[in-house]
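The structure appears below as structure tokens.
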Amino acid sequence: MEMKTRVGQNLRHFLTLKDYSKKEIENLIELATKIKKSRRMYRNLLQGKSIALLFEKPSTRTRLSFETGIYQLGGNCIYLDAESLQLKRGETMEDTARVFSRYLDGVVIRTFEQERVELLARNSTIPVINGLTDLYHPCQALSDLFTLYELGLLRKDIKFTYVGDCNNVLNSLLIGFSKLGLDISVGCPEKYRPIKEVLDYVLELSKKTGSNIKIYSDPVEAVRDADVVYTDVWISMGEKRMEEKISELRKFQVNDWLLSYARENVKVMHCLPAHREEEITSDVLDSEKSIVWQQAENRLHAQKALFVYLYTL
Ligand code: CP
Ligand code: NVA
């Protein structure tokens, strides 16, 4: 039997892009495109509904885009700093989920282990959205696919290269690209390749979808003739800074020299926040090649599209 939310619609979460089909991802991108053009669309969608943001890590874009998006859709947003909840004093996630489900109509969670998000979802009768875990950042990847689509770059003949640390953002991008049957190249140190769990999943999926996934340990080969180069921080939230890792990653810095191997009109992406002069230079981040501000804005439109999808099921 399909589970229903307490308000009656079919219950669907957004925990990882693994749970979404190619068609659904394409529909979400299409929806985000429409919403961006007509910002007052669906302005009553969340009327009378309260959505909480339960954040156990800092955030600028995710928090702001959700808070603003929920407001624009007519809903009420409650920001919950995990430090001030009884969770902090040992109330379980299961019990928290049961209580949330009695008051709220949805929850966005940003936390550490993916299992924590799944535990929340398993015990909730309201939609749960993953606003980043150590393993995945599906809202970011969805939004980035939308940005690429908007620029006419979500195509099979485009070389998209991610360079740097193989983290949550890359994991979600790998899943998104392989779901869509698109190609993705990764440039990373041999020692810091994508984790096996994700790599096995996308390599298996790519056999069905025709996606071509290449991993390079030479940054120049990874970036050679790329149309899009994407990077993210070398040390993610909650991770200890290891000098050995930083020194391995140094040759993967996105700078003018490395980009000279890419196509002349290459676009540079970064989910932000950036550590200037570490994974990316200011010269690149502030250059005409950079589309990072458009990327940041698009989080808002993509998040709104996600709500439309989850609340009109
Ligand atoms: N890109 C992103 O998720 O940014 P925040 O950490 O500021 O939310
Ligand atoms: N990989 C980064 C992404 C921040 C949006 C982190 O997890 O800190």
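The analysis underlying the following values was restricted to heavy atoms, covering all of them including side chains, and did not include hydrogens, waters or symmetry mates. We number each residue from 1, following the sequence as shown. Whatever order the structure lists ligands and atoms in, that order sets their numbers, starting from 1.
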I need the nearest protein heavy-atom contact for [atom]: residue, atom name and distance, please.
| atom | value |
| --- | --- |
| atom 4 (O) of ligand 1 | Arg61 NE, 2.9 Å |
| atom 8 (O) of ligand 2 | Met237 N, 2.8 Å |
| atom 7 (O) of ligand 1 | Thr60 N, 2.7 Å |

Quiz question: by atom type and distance under 3.5 Å, do the side chains of [X] and [Y] form a donor-acceptor pair?
| X | Y | result |
| --- | --- | --- |
| Tyr162 | Asn167 | yes |
| Asn298 | Thr147 | yes |
| Glu150 | Thr33 | no |
| Gln303 | Ser65 | yes |
| Asn130 | Gln114 | yes |
| Thr133 | Arg116 | no |

Exercise for the section: Spell out, yes or no, whether Leu180 and Tyr136 are grouped together once hydrophobic residues are joined by side-chain heavy atoms under 4.5 Å, including indirect joins. Expected result: yes
Problem - Under-4.0 Å heavy-atom contact with ligand 2, by part of Leu132 that carries it - result: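 Side chain only.
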Handout entry: For ligand 2, the portion of Asn168 having any non-hydrogen atom under 4.0 Å away
Key = side chain
Check each atom of ligand 2 against the heavy atoms of [X] and keep those under 4.0 Å away; list them by number with element.
| X | value |
| --- | --- |
| Asp232 | 1 (N), 2 (C), 3 (C) |
| Asn167 | 1 (N) |
| Leu272 | 5 (C) |
| Ser236 | 1 (N), 2 (C), 6 (C), 7 (O), 8 (O) |

Which atoms of ligand 1 have any heavy atom of [X] under 4.0 Å away?
| X | value |
| --- | --- |
| Arg110 | 3 (O), 5 (P), 6 (O), 8 (O) |
| Arg299 | 1 (N), 2 (C), 3 (O) |
| His137 | 2 (C), 3 (O) |

Practice task
Compute the shortest N/O to N/O distance between Val233 and ligand 2 and return yes if it is under 3.5 Å, no if not.
Solution key: no
Practice task
State whether the shortest distance between N or O atoms of Gln140 and N or O atoms of ligand 1 falls below 3.5 angstrom.
Solution key: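 So ligand 1 has an N or O lying under 3.5 Å from an N or O of Gln140.
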Problem - Within-cut-off N or O pair, Leu272 and ligand 1, under 3.5 Å - result: yes
Fill in the blank from the handout: At under 4.0 Å between heavy atoms, what of Leu132 touches ligand 1? The answer is neither
Exercise for the section: Take Arg43 and Gln72, measure what side chain to side chain contact (heavy atoms under 4.5 Å, CB included) needs, and give me the verdict at the end. Expected result: CA-CA 6 Å; Arg43 63 183 180 277; Gln72 290 180 5; over 6 Å; no
Practice task
Quickly, which of Lys159, Arg155, Lys289, Arg263 forms a salt bridge (Lys or Arg N to Asp or Glu O under 4.0 Å) with Asp227? Name it, please.
Solution key: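 Going through Lys159, Arg155, Lys289, Arg263 one by one, the salt bridge (Lys or Arg N to Asp or Glu O under 4.0 Å) with Asp227 is satisfied by Arg263 alone.
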Exercise for the section: Give the ring-plane orientation class for Phe55 versus Tyr79, where under 30° counts as parallel, over 60° as perpendicular and anything between as tilted. Expected result: perpendicular
